[in-house]
Amino acid sequence: FGPLAMSSSSYIWQEAYDKTTAVPHSGLGRSQEKRKPADENAAASLHTTASDYARFIAAILSRDGLRPESFDLMMTPAIKVTNRKAPQLEGELHWGLGWGLQLSEGGKALWHWGDNGPFKAFTLCYPDERIGFVFFANSQDGLSIAGVVADAFHPDVHTAVNYLDYERFDDPLRTARMELADIFMTQKTDAGMRAYDELRRDMPEQLAEKGTNSIGYFLLREEQTDAAIAIFKKNVESYPESPNVFDSLAEAYVAAEELNLAAENYEKAAAMDKENTQAAKSAKFIREQIKGLQRPVYLSKSTLQRYAGEYGERRIMLSGDTLVYQREGRPARKLTAMALDTFLVEDTPTFRLRFVADDAGVIVKVEGHYIDGRIDESVRTN
């Protein structure tokens, strides 16, 4: 950052960003919570500006601070990329060192993108022409116009945008989904389902299993959980042989904290598709959550005190006879013990905490266990 004068860039949150940061927005334009990372994460926590990142791109194009062999590796195809949306164009996309490579009639281009939920980014540059652009958006649908921006920038066939396969802003299915979401949010679920049935008669191909699922997930992201459940149920009725529809319905039930129904639908998905190990793991995770809620483990106040402390951006506090968990920038939530070292987090059925002790019995770190099998950890700092 220093050599390139990227003075507005940091991998951890800076207080000055409170006044300058863009507010994230959902697909329907609702403002959302902004995460404020206290720990660096090379893949996800960079906060920067379009102009700062453009300085980085300019440095790449000018080879500033780069050895010739490093730049050559960036420009050398190493791994061929399969193009999901345009298989006829396969051969034009590869991965180089840290960059995507687009090899087309317009020349060799470097490209990359970012997707942190309601924050999106895309960059494309042509080293031989020494031109490039940086595009940032604070919207869940920000990359829906990436193709239009790329076309305005350079008269090339932008295979990279096709590969990313983000729904275009003018896609009929997107328009239909937005209209449906508005009905669901301003009227009752019954009105939304009537509108869905009418729309499906008009757009049977677009609103088959995949299209209907996309509507359900859109509603889920917009926190319209009851509406999402209704849509996913419709898919279950229409495609009872598809394990995917049961898996999606399970996710909606998790969001609604209807855990028994969630576990049942994950188990149906797993039974129908033996290779879907994630559904089986999710069902097991939810069953454990249910058991932990039904039969919490009693721990003395002195035992709970051992866990209280600072763990990076995670903080564990003792309030009376209850542990409280807070991650920086997020609400505090009560913890319920399901084992001596493992705790459920209030209103968060897809996540739990496990404390790890050293040989002397001192708690040295806490692990976050997620429904998809991921585990992260935070070392105790106080």
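These numbers come from the heavy atoms of this one structure, side chains and all, not from hydrogens, waters or symmetry mates.
- No single ILVMFWY cluster, assembled from side-chain heavy atoms under 4.5 Å apart, contains both Val356 and Val379.
- Every side-chain contact (heavy atoms from CB on, under 4.5 Å) that Thr336 has, sequence neighbours left out, goes to Pro296, Leu344.
- With Gln278 contributing its side chain and Ile371 its backbone, the two residues share a donor-acceptor pair below 3.5 Å.
- Every residue meeting the ring-ring contact (aromatic ring centres under 6.0 Å, His included) condition with Tyr126, not counting sequence neighbours, appears here in chain and number order: His154.
- Ser62 contributes no side-chain N or O that, together with a main-chain N or O of Asp64, makes up a donor-acceptor pair within less than 3.5 Å.
- Arg333 forms no cation-pi arrangement with Tyr325, by the criterion of a distance under 6.0 Å to the ring centre and an angle within 45° of the ring axis.
- Considering all non-hydrogen atoms of both residues, Ser26 and Gln140 come closest at C-CB, 3.9 Å.
- Residues Arg314 and Asp376 are paired through a salt bridge, judged by an N-O separation under 4.0 Å between the basic side chain and the carboxylate.
- A donor-acceptor pair under 3.5 Å is formed between the side chain of Asn235 and the backbone N or O of Glu209.
- Atoms CD1 and CG, from Ile60 and Leu4 in turn, are 8.5 Å apart once rounded to the nearest 0.5 Å.
- For Tyr11, the ring-ring contact (aromatic ring centres under 6.0 Å, His included) partners at least two apart in sequence or on another chain are Phe1.
- Scored by the salt bridge (Lys or Arg N to Asp or Glu O under 4.0 Å) test, Asp359 finds no partners at all (sequence neighbours excluded).
- Nearest heavy-atom pair, Lys34 versus Ala22, reported as atom, atom and distance to 0.1 Å: CD-O, 4.3 Å.
- In this model, no donor atom of one side chain and acceptor atom of the other lie less than 3.5 Å apart for Tyr239 and Thr212.
- In the displayed structure, Glu69 atom CD is contacted under 6.0 Å by more than 12 heavy atoms of other residues, nucleotides or ligands.
- From Ile215, atom CD1 reaches atom OH of Tyr196 across 6.5 Å, with rounding to the nearest 0.5 Å.
- Side-chain heavy atoms closer than 4.5 Å link hydrophobic residues (I, L, V, M, F, W, Y) into clusters, and following such links, possibly through other members, connects Met74 to Val134.
- Pairing each heavy atom of Ala269 with each of Ala279, the nearest pair is CB-CB, 4.1 Å.
- Under a 3.5 Å cut-off, the side chain of Glu222 and the backbone N or O of Leu28 do form a donor-acceptor pair.
- Using a distance-only test at 3.5 Å, with no hydrogens or angles considered, a donor-acceptor pair links the side chain of Asp358 to the main chain of Val362.
- Counted within 6.0 Å of NZ on Lys108, heavy atoms from surrounding residues, nucleotides or ligands total more than 12; the atom is thus considered enclosed.
- Partners of Arg55 by salt bridge (Lys or Arg N to Asp or Glu O under 4.0 Å), not counting sequence neighbours, listed by chain and number: Asp52.
- Remark: the backbone N or O of Trp99 is not paired with any side-chain donor or acceptor of His112 at under 3.5 angstrom.
- The closest side-chain heavy-atom distance from Leu199 to Leu207 is below 4.5 Å.
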Chi angles and distances behind the side-chain contact (heavy atoms from CB on, under 4.5 Å) call for Arg35, Arg330: CA-CA 8 Å; Arg35 290 194 61 188; Arg330 301 185 186 180; 2.6 Å; yes

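- Residues passing the ring-ring contact (aromatic ring centres under 6.0 Å, His included) test with Phe232, sequence neighbours excluded: Tyr217.
- Separation of the Tyr307 and Phe343 ring centroids falls under the 6.0 Å cut-off.
- Residues Ile183 and Ala195 come closest through the heavy atom pair CD1-CB, 3.6 Å.
- For the side-chain contact (heavy atoms from CB on, under 4.5 Å) test, residues two or more places apart in sequence or in another chain that qualify with Asp141 are Ser139, Ser144, Arg174.
- A salt bridge links Arg168 and Asp170; the closest N-O separation between the charged side-chain nitrogens and carboxylate oxygens is under 4.0 Å.
- Shown here are the salt bridge (Lys or Arg N to Asp or Glu O under 4.0 Å) partners of Glu310, two or more places apart in sequence or in another chain: Arg315.
- A donor-acceptor pair is defined here as one N or O able to donate and one able to accept, closer than 3.5 Å; no such pair exists between the side chain of Lys334 and the backbone of Val345.
- A donor-acceptor distance shorter than 3.5 angstrom exists from the side chain of Ser238 to the backbone of Lys234, with no hydrogens or angles considered.
- Rounding to the nearest 0.5 angstrom, the gap separating the CD atom in Glu377 from the OH atom in Tyr311 is 12.5 Å.
- Contact between Leu318 and Asp321 at its shortest, heavy atoms only, is CD1-C, 4.4 Å.
- Summarising the geometry of Tyr266 relative to Val254, their closest heavy-atom pair is CE1-CG2, 3.9 Å, with the distance given to 0.1 Å.
- Residues Lys268 and Asp247 are not paired through a salt bridge, judged by the lack of any N-O separation under 4.0 Å between the basic side chain and the carboxylate.
- Taking a cutoff of 4.0 Å between a charged side-chain nitrogen and a carboxylate oxygen, Arg352 and Glu288 qualify as a salt bridge.
- Under the 3.5 Å distance criterion, with hydrogens and angles disregarded, no donor-acceptor pair is assigned to the side chains of Thr175 and Glu179.
- Qualifying ring-ring contact (aromatic ring centres under 6.0 Å, His included) partners for Phe135, counting only residues two or more places apart in sequence or in other chains: none.
- Sorted by first and then second residue, the salt bridge (charged side-chain N to carboxylate O under 4.0 Å, His left out) pairs involving residues 38-48 (not counting sequence neighbours) form an empty list.
- There is no path of hydrophobic side-chain contacts, each under 4.5 Å, that joins Val324 to Leu335.
- Using modelled atom types, one side-chain atom of Asn265 and one backbone atom of Leu261 make a donor-acceptor pair closer than 3.5 Å.
- When the side-chain contact (heavy atoms from CB on, under 4.5 Å) test is applied to Glu267, the partners found at least two apart in sequence or on another chain are Ala263, Ala283, Arg287.
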Residues Asp72, Arg67; criterion salt bridge (charged side-chain N to carboxylate O under 4.0 Å, His left out); working and verdict: CA-CA 9 Å; Asp72 289 343; Arg67 291 174 298 181; over 6 Å; no

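- A donor-acceptor contact under 3.5 angstrom links the side chains of Thr303 and Ser300, judged on distance only.
- A tilted orientation is assigned to the rings of Trp111 and Trp95, their planes being inclined by 30° to 60°.
- No hydrogens or angles considered: a donor-acceptor pair under 3.5 Å links the side chains of Glu92 and Thr159.
- With sequence neighbours left out, Thr20 forms a side-chain contact (heavy atoms from CB on, under 4.5 Å) with Tyr17.
- Inspection of the Ser104 and Asp156 side chains reveals an N or O donor paired with an N or O acceptor under 3.5 Å.
- Cluster membership for Val161 and Leu103, using ILVMFWY side-chain heavy atoms within less than 4.5 angstrom, is not shared.
- Crowding of Asn382 atom CG: a count of heavy atoms from other residues, nucleotides or ligands under 6.0 Å not exceeding 12.
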Criterion side chain to side chain donor-acceptor pair (under 3.5 Å) on Asn213 and Ser248, from CA distance to verdict: CA-CA 8 Å; Asn213 236 30; Ser248 298; 2.9 Å; yes

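- Two different hydrophobic clusters hold Phe218 and Leu220 under the rule that ILVMFWY side chains link at heavy-atom gaps under 4.5 Å.
- Between Asp372 and Lys281 no salt bridge is recorded (no basic side-chain N to carboxylate O distance below 4.0 Å).
- Remark: side-chain polar atoms of Arg221 are not paired, donor with acceptor, to backbone N or O of Gly27 under 3.5 angstrom.
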